[in-house]
Every structure is written in C-alpha cells, then in structure tokens.
Peer 1: 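Once you've had a glance at the structure underneath, I'll fire off some questions.
For reference, positions follow the sequence shown, starting with 1.
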Amino acid sequence: GQLAQAMAAMGVDAVQTANSASIRSGVLGLQSTIQALRNAGIEPIGTFADSAAFRSSGGYTVLEGKGLRIALVAFTKGMDNLGLPEGSEDCVNLLYKDYTTTYGEIDSDGIRKVLRRVEEEQADLTIALVHWGSEYNEAVSPSQKKIQKLLMENGVDVVLGTHSHLLKPVEHDKDKNTLVAWSLGDFYGDASQPGSNYSIVLDIEVTRDNVTGETTITGFSYT
C-alpha cells in the first residue's frame, strides 16, 4: 500500500499487473495488489479480481488526459509456470493457451475477444502492454512477431514490451501509424546479468487533429 501511494504521488496513473509475478502469492495476493493500487488511485492493467470483474471491464481500461481517450490492455506470456485455479481463469490476460509449459500455442481467440471490446470504445489510441519473450535473450522470437501482428491487425497502435530484462529496439512505422518497443529493459536492473542494467523511459508524442478527429503517433524520445 505504501509503495502504491508513493507511486501515485510521483504521477503514476496505471501499472501493468499482468506479468510473471501476478499470482506469486496466489489469487488472494493478486486481489490485494489490485485493491492497494486502486486505493492509491492507480489503475491495474491486465488483471482482475475475479471473472465478474473481467467481464464488466471487458479486459481493458480507458484513461483520459489532454483531450485524448487512451485504451490500455495488458497480456503476459505466463506466470512463472503457475496456473490459474479453477474459477479464476479470467483473472489474468494471457498470450498463450499453454502458458504453464512451452508457450507455443498463442491464445488468438482470447486476445481477439478482448480487443474486439476495446475497438468498441473508439479510443484515440490503443496501447498493449505485453510481458513476453525469453529472459536474457536478445532475439525477438517468431512467436512475438506473430503476436505483434495479431495485436495490430486488431486495432492496437502501440505495443510496449517487457520481461526479457534486456533493452531492445523501438520501431516507429509512420506509414502504418504504429510503434513497437520490443523490450524497455529493466527499470531496476540486476548487475550480475550482462545487459540488464540498461533500460529506457519512453516518451511517445501523440497528436490529435481536432478537425478530422485523426490521431497520429508523431514521434518518440527516451531517457
């Protein structure tokens, strides 16, 4: 709770909670994390207290600021090989059906189900936060590329990646008006692992034409 309050005081509005540690303390731990964040005024992205919360939210969140409506959705490849217990299958948005084993079967239907609801919002910008890829592996896997294609074919404009602990390229396609950050690195790195002490804070410039209603990703920078 104190950490959440400190983050809120620093201006954090939303946190991706769909990641390797989502259910490390069980579903009760997940629920307490969600509650602590909401008590601080921070929106958890990608996890839900129960199936009813998932259904009512549609699996995503919309935030508004500076005249923009931004849809945020998050998915994780898995949760350290832990499986969601019966009755709690909807508590975490997942990228794979075989998320407790080999991460080989992309849950395309589940991903589309969430993104169909997101598209109904007609947000100015849709951002997908994805916890994906292999740890300490510099390569972008064919599976990640398939997921990125699936996301963007279903209305996602920006993909922000985490999990590998390494910094990977940021690709801005001006023609398609999309941006992919394959991995932002570790905000707090482990110096014992080569490369993991590099990371970026990414700043994306978005411009909305109030006459046409068109929103464009006009650039990015990073610290």
Peer 1: Following the transitive rule for hydrophobic clusters with a side-chain heavy-atom cut-off under 4.5 Å over Ile, Leu, Val, Met, Phe, Trp and Tyr, establish whether Met7 and Ile45 coincide in one cluster.
Peer 2: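 As far as the 4.5 Å side-chain criterion goes, Ile45 and Met7 are not connected within one cluster.
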Peer 1: Do Gln148 and Trp182 have side-chain N/O donor and acceptor atoms under 3.5 Å apart?
Peer 2: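 Their side chains do not contain a donor-acceptor pair, so the 3.5 Å distance test is not met.
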Peer 1: Provide the closest heavy-atom pair for Gly78 versus Tyr103 in the form atom of the first, atom of the second, distance.
Peer 2: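 Heavy-atom minimum between the residues: CA-CE2, 4.2 Å.
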Peer 1: Are Val92 and Ile147 linked, directly or through intermediate hydrophobic residues, by side-chain heavy-atom contacts shorter than 4.5 Å (ILVMFWY only)?
Peer 2: yes
Peer 1: Main chain of Gly185, side chain of Ser199: is a donor-acceptor contact present, judged purely on distance under 3.5 Å?
Peer 2: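 Not confirmed, Ser199 side chain does not pair with Gly185 backbone.
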Peer 1: If I compare all heavy atoms of Asp90 with all of Phe48, which pair ends up nearest, and what's the gap?
Peer 2: O-CD1, 3.4 Å
Peer 1: Going by an N to O cut-off under 4.0 Å, is there a salt bridge joining Arg38 and Glu43?
Peer 2: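 Judged by the 4.0 Å cut-off on N to carboxylate O distance, Arg38 and Glu43 do form a salt bridge.
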Peer 1: So does Ala49 get a backbone contact from the side chain of Gln31, meaning a donor-acceptor N/O pair under 3.5 Å?
Peer 2: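 Confirmed, Gln31 side chain pairs with Ala49 backbone.
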Peer 1: Quick check on the hydrophobic clustering: are Leu151 and Leu184 connected, directly or via other members, by side-chain heavy-atom contacts under 4.5 Å?
Peer 2: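 No; Leu184 is not reachable from Leu151 via cluster members.
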Peer 1: Should Arg69 and Asp124 count as an ion pair when the cut-off is N to O under 4.0 Å?
Peer 2: no
Peer 1: If you look only at pairs with a residue in residues 126-137, which of them pass as a side-chain hydrogen bond (donor to acceptor under 3.5 Å, both in side chains), with sequence neighbours excluded?
Peer 2: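 Qualifying pairs, neighbours excluded: Ser20-His131, His131-Thr162, Glu135-His165.
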Peer 1: If you compare all heavy atoms of Leu179 against all heavy atoms of Leu202, which two are closest, and at what distance to 0.1 Å?
Peer 2: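 Heavy-atom minimum between the residues: CD2-CD2, 4.2 Å.
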Peer 1: How close do Gly87 and Glu89 get, counting heavy atoms only, and between which atoms?
Peer 2: N-OE1, 2.9 Å
Peer 1: Do any N or O atoms from the side chain of Asp98 and from the backbone of Gly104 form a donor-acceptor pair under 3.5 angstrom?
Peer 2: yes
Peer 1: Examine distances only and state if a side-chain atom of Lys77 and a backbone atom of Gly133 form a donor-acceptor pair shorter than 3.5 Å.
Peer 2: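 The answer is yes, because a donor-acceptor pair under 3.5 Å joins these two groups.
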Peer 1: Closest heavy-atom contact between Arg117 and Ser57?
Peer 2: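 That would be NH2-C, 4.3 Å.
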Peer 1: Would you kindly confirm whether Val12 and Leu160 end up in one hydrophobic cluster when ILVMFWY residues are joined by side chain heavy atoms under 4.5 Å apart?
Peer 2: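 Hydrophobic grouping puts Val12 apart from Leu160.
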Peer 1: Counting distance only, does the side-chain N/O of Ser88 pair as donor-acceptor with the main-chain N or O of Leu84 below 3.5 Å?
Peer 2: no
Peer 1: Using every non-hydrogen atom in the two residues, find where Phe75 and Leu94 come nearest and quote the distance to one decimal.
Peer 2: CD2-O, 3.8 Å
Peer 1: Find out if a path of hydrophobic residues (ILVMFWY) with successive side-chain heavy-atom gaps under 4.5 Å connects Leu68 to Val156.
Peer 2: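 No, it is not one cluster - the side chains of Leu68 and Val156 are not joined through contacts under 4.5 Å.
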Peer 1: Do Arg116 and Glu120 meet the salt-bridge criterion of a basic N to acidic O distance under 4.0 Å?
Peer 2: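 No, this pair does not count.
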Peer 1: Between Asp173 and Lys176, is there a donor-acceptor pair closer than 3.5 Å when you use the side chain of the first and the backbone of the second?
Peer 2: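 Such a contact is found between Asp173 side chain and Lys176 backbone.
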Peer 1: Under a 4.5 Å cut-off applied to non-hydrogen side-chain atoms, are Arg208 and Glu214 in contact?
Peer 2: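 A side-chain contact under 4.5 Å is absent here.
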